[in-house]
Amino acid sequence: MQLAFSAADIAAIIQPLSSKGGTSRTITGIAALSAARPGDLSFLGNPKYKTEVVSTAASVVLLPPDYTGEPAADQQFLFVEKPSVALARLCARIEQLLWPKPAPGIHSTAVIAADAQIAASATVGPLCVIESGAVVGERTHLQAQVFVGRNARIGDDCWLMPRVSISAECVLKERVRLQPGVVVGADGFGYEFVAGRHEKVPQVGNVVIESDVEIGANSTLDRARFSHTVVGEGTKIDNLVQIAHNVRIGRHCLICSQVGISGSTTVEDYVVLGGQAGLAGHITVGKGSKIDGQSGINSDLPPGSFMKGTPALPYNLEQRINVLRKRLPDLFKRVDALETELSGSKKPSAPSHS
Amino acid sequence: MQLAFSAADIAAIIQPLSSKGGTSRTITGIAALSAARPGDLSFLGNPKYKTEVVSTAASVVLLPPDYTGEPAADQQFLFVEKPSVALARLCARIEQLLWPKPAPGIHSTAVIAADAQIAASATVGPLCVIESGAVVGERTHLQAQVFVGRNARIGDDCWLMPRVSISAECVLKERVRLQPGVVVGADGFGYEFVAGRHEKVPQVGNVVIESDVEIGANSTLDRARFSHTVVGEGTKIDNLVQIAHNVRIGRHCLICSQVGISGSTTVEDYVVLGGQAGLAGHITVGKGSKIDGQSGINSDLPPGSFMKGTPALPYNLEQRINVLRKRLPDLFKRVDALETELSGSKKPSAPSHS
Amino acid sequence: MQLAFSAADIAAIIQPLSSKGGTSRTITGIAALSAARPGDLSFLGNPKYKTEVVSTAASVVLLPPDYTGEPAADQQFLFVEKPSVALARLCARIEQLLWPKPAPGIHSTAVIAADAQIAASATVGPLCVIESGAVVGERTHLQAQVFVGRNARIGDDCWLMPRVSISAECVLKERVRLQPGVVVGADGFGYEFVAGRHEKVPQVGNVVIESDVEIGANSTLDRARFSHTVVGEGTKIDNLVQIAHNVRIGRHCLICSQVGISGSTTVEDYVVLGGQAGLAGHITVGKGSKIDGQSGINSDLPPGSFMKGTPALPYNLEQRINVLRKRLPDLFKRVDALETELSGSKKPSAPSHS
């Protein structure tokens, strides 16, 4: 996108503690220290890149207060408490330009049930479908081709991107952001095996998504068998994640891409699940636990657990075993040698031994 | 959803063998024994929860015939052959209220090719697209924003939820239920490496889905290179599952979330694949086999196999090895000790050594 | 689909080096040698099936020049340099019949911003949405219900299948083919942990897809935090694949189904990633590397690596370790025996033993 800020514009947005040097350049891009060219803004987000500041070609550099070097010619240093947070603030401003707040109103091609309640300040984009009894809150934005089922309730200040589908009776609280293709409220996967066939157990609960939750593209959340599947306040879910029926996820969790959580499992607050990890059903993962990518969890974990592997072990033990595992070929040789030596040592002079 | 049944309504639906006690409460919810409050219905689905029946606050409890306890005040016991099946029957009734059968007809915003054949009893919802030559059967429901490609054939009594996509020439038999976002008939992943580039092998077969199949949200099934990719009668597939080209899945299988099945592999009847399991291409998994979650299968399996791990081993062996694996640090120490002792024991001048 | 070619039609399409025998049959299907019936075409794509040629019922068989057998009655052999490539050419012709090139033009139900630029030769199907400033190139086909965001640019001769979503500012070069449900340009998964909450780091970069890329159904590609997420020329991506923000994929890679690539990782040219493999963030996988299915890669790999397992080891080592792993129960027994024997050998009554 066409970004064009003066150093003064940027200072106005990020409110630096102090500044050194200056540049006449217009800032048209953001880049890492080593990749930046004149006209770019860069930042020292991680101390290990400190040495790259001296050689960066960036015209504006965001730095922590304790950075001691001097800017080059036509280069401005802006000192901030936390450069990565300052950068986030700048990006937030850019995002507003990238996606300007749409005008309120309902697009002429949207199909809205007569008894649906759409807030006057909401924006319903082209080719959305809103079924009977559904509610859409203040300033909420349904971008395009979104489906909202019967009696579903979408709170205030939500943003549903193209092709999001919310099934009947599901509930989103406030400031929920759903990336394209998210499916909220598909049937849970439940069957009874009767006379050689899988008889469907109807799934008549719903999904409740608390405030400030974000869910990534094409992720799927199943409605409860009865009662609720719940995602707690402030939790962030990446792309292609599967949340099964009656799962309860706590507050402020991070769930990375392609994770799968099986039915009726509870994930407590502040848990981090690495990419492609899998959780069995009917277990509890304790508060603040960290699960490494691709791990498989099949039993309860106490709070603060840090697990890795399938089946998962404590992280350090798993790492140690993985080192020893590589030495298995050698270990087998050593045991062969011991056996040879011992059998050898048993020869003639030890008949009594056997 | 607003559930409101009298105990009599419920008895009428589930037809109990017998009853004990009674309640004046209106049943407005369903909950597990320990979570239930007055006004809820609960059930003893698994004997291990038997002790919870005594203390449950549920107003109506579904119990097996051999349960001997007495109901509390204002509490009714209903005895049924299989409580979980009786509950399923009750939920089926609730589901009818949750998703009332829509009126037949084609929504004015649907885009239907002139030569498509839509049964008079079918319901085509808003913003669906049906291409030339496609067929939609009796009482079938395309909910909203569904795509049905050229010459595709959808049988009777199917339910395609929002944003389902059926590609050209694909076939669904009867009572097929597809959750939101399912893609049937994407191109298979086939290329020939020619002169340093991957030249596409056009995929000109189709997908055939037999009767009574259910497929979960955002799952993908690829069309065959030629001939057919097949899902057998009564098989149930969960969310985010990948079925590659020319795969043949048998009857009454259960395929859990995020499973991947590679090209030309055959899965026989009554197979159960755990979540995130992966099957290599061109293999056969024998009838009634069970594959544990996250397992990797790369060779043929005889009927009745029960496998775990990557690469998978028989379940019990894999479990045993996983126990020993945890003892590797100790095993290395023991072998070190043996070597020390043996080298020591060989030195003639070291009797004191032991 | 209804396929109907005479042997002469087929010869005209694949241009054989030579021919033997002949058939009066009309070719109505394609099948493997063992499955083929009269009226089918088959081919010897892999030498190991050579013996099946003698018994195949196929009416036309594509064979390599060095095949020496004779055709049966009413059977024609066509000799070609590479049967699988010849078959691909035939299938390409069938594909043209399966999906005839649509007429140029914009469907009356598509919703197009006034300032979007749609080439006159492009086809925009029913219920597509194209936002302000977007560009659609010559002969490009948006099939149905496609979303193209603000200022996105789609090049010439692309095919976007139903329900594809391209977010704002993203770029597709030429001949890009996206299967149904693909999401290009969802937000990357980036947050700063501030005061007990995950504060969103706005993702203001885009996705750039080079020419001749194909992406499978419901796969997701995230926009860069800033700058670009890139998929290189000629790379083919299967279904349900996750490409995180700032990932850079080289040219002519093959990325199988359900692979996940974490943020800022680089995959060089001609890499092959097996199904369900996972790559950690901020690493580089060297040119021409092969990663086995379900493997986990968490560090840089030099060019030409061939890796397997989680954490991944060189393929042959991992295979060897997997063999020894199966022998762990035996190894523990052997070490027990050594300890018993050695402790015996230490008994005073055996000094002669050394």
Tell me, side chain or backbone of [X] under 4.5 Å from chain B's heavy atoms, or both, or neither?
| X | result |
| --- | --- |
| A:Val171 | neither |
| A:Ser262 | neither |
| A:Ser295 | backbone |
| A:Glu192 | side chain |
| A:Asp187 | both |
| A:Val111 | side chain |
| A:Cys128 | backbone |
| A:Glu199 | side chain |
| A:Gln276 | backbone |
| A:Tyr191 | side chain |
| A:Val184 | neither |
| A:Ala110 | neither |

ask   = With a cut-off of 6.0 Å (strictly less than), are more than 12 heavy atoms of other residues, nucleotides or ligands near CZ of A:Arg153?
value =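 Counting other residues, nucleotides and ligands, CZ of A:Arg153 stays at 12 neighbours or fewer.
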ask   = Under 6.0 Å from the NZ atom of B:Lys82, do we count more than 12 heavy atoms belonging to anything else shown?
value = yes
Hey, which of [options] has the most heavy atom pairs under 4.5 Å with chain A?
| options | value |
| --- | --- |
| B:Gly216, B:Ser84, B:Ala92 | B:Ser84 |
| B:Leu127, B:Asp212, B:Val85, B:Thr235 | B:Leu127 |
| B:Arg89, B:Glu233, B:Met161 | B:Glu233 |
| B:Gln143, B:His107, B:Lys308 | B:Gln143 |
| B:Gly275, B:Pro100, B:Gly234 | B:Pro100 |

request  = Kindly determine whether B:Arg325 and A:Glu318 satisfy salt bridge (charged side-chain N to carboxylate O under 4.0 Å, His left out), including the steps that lead there.
outcome  = CA-CA 10 Å; B:Arg325 183 178 177 279; A:Glu318 177 71 13; 2.9 Å; yes
Identify which of [options] forms the greatest number of heavy-atom pairs closer than 4.5 Å to chain B.
| options | answer |
| --- | --- |
| A:Leu317, A:Thr310, A:Val201 | A:Thr310 |
| A:Gly196, A:Gly181, A:Ala244 | A:Gly196 |
| A:Gln294, A:Arg197, A:Arg327 | A:Arg197 |
| A:Val323, A:Val335, A:Asn298, A:Val259 | A:Val259 |

Using side-chain heavy atoms (C-beta onward) and a distance below 4.5 Å, is [X] in contact with [Y]?
| X | Y | result |
| --- | --- | --- |
| A:Val129 | B:Pro162 | no |
| A:Val183 | B:Gln179 | no |
| A:Arg334 | B:Asp336 | yes |
| B:Cys91 | A:Gln203 | no |

inquiry  = Between B:Leu328 and A:Arg320, is the side-chain contact (heavy atoms from CB on, under 4.5 Å) condition met? List the steps.
reply    = CA-CA 9 Å; B:Leu328 277 180; A:Arg320 186 156 159 238; over 6 Å; no
Judged by atom type as modelled, is there a donor-acceptor pair below 3.5 Å linking the side chain of [X] to the main-chain atoms of [Y]?
| X | Y | answer |
| --- | --- | --- |
| B:Gln145 | A:Ser165 | no |
| B:Gln258 | A:Val241 | no |
| B:Asn239 | A:Phe189 | no |
| A:His198 | B:His252 | yes |

Please look at [X] and chain A and tell me whether the side chain, the backbone, both or neither of the residue comes under 4.5 angstrom of a heavy atom of that chain.
| X | answer |
| --- | --- |
| B:Asn322 | side chain |
| B:Ala35 | neither |
| B:Ala31 | backbone |
| B:Leu338 | both |
| B:Arg163 | side chain |
| B:Leu87 | side chain |
| B:Asp292 | neither |
| B:Leu240 | side chain |
| B:Arg177 | side chain |
| B:Ile215 | neither |
| B:Asp40 | neither |

In Å, rounded to the nearest 0.5 Å, how long is the span from [atom1] of [X] to [atom2] of [Y]?
| X | Y | atom1 | atom2 | answer |
| --- | --- | --- | --- | --- |
| A:Asn218 | B:Asn218 | CG | CG | 4.5 Å |
| A:Glu169 | B:Trp99 | CD | CH2 | 8.5 Å |
| A:Ile261 | B:Ser257 | CD1 | OG | 10.5 Å |

ask   = Can you check salt bridge (charged side-chain N to carboxylate O under 4.0 Å, His left out) on A:Lys200 and B:Glu95, steps first, answer last?
value = CA-CA 11 Å; A:Lys200 183 174 179 71; B:Glu95 192 184 40; 5.3 Å; no
task = Any chance you could lay out the side-chain contact (heavy atoms from CB on, under 4.5 Å) test for B:Ile30 and A:Arg225, step after step, and finish with the verdict?
result = CA-CA 9 Å; B:Ile30 304 172; A:Arg225 175 185 182 178; over 6 Å; no
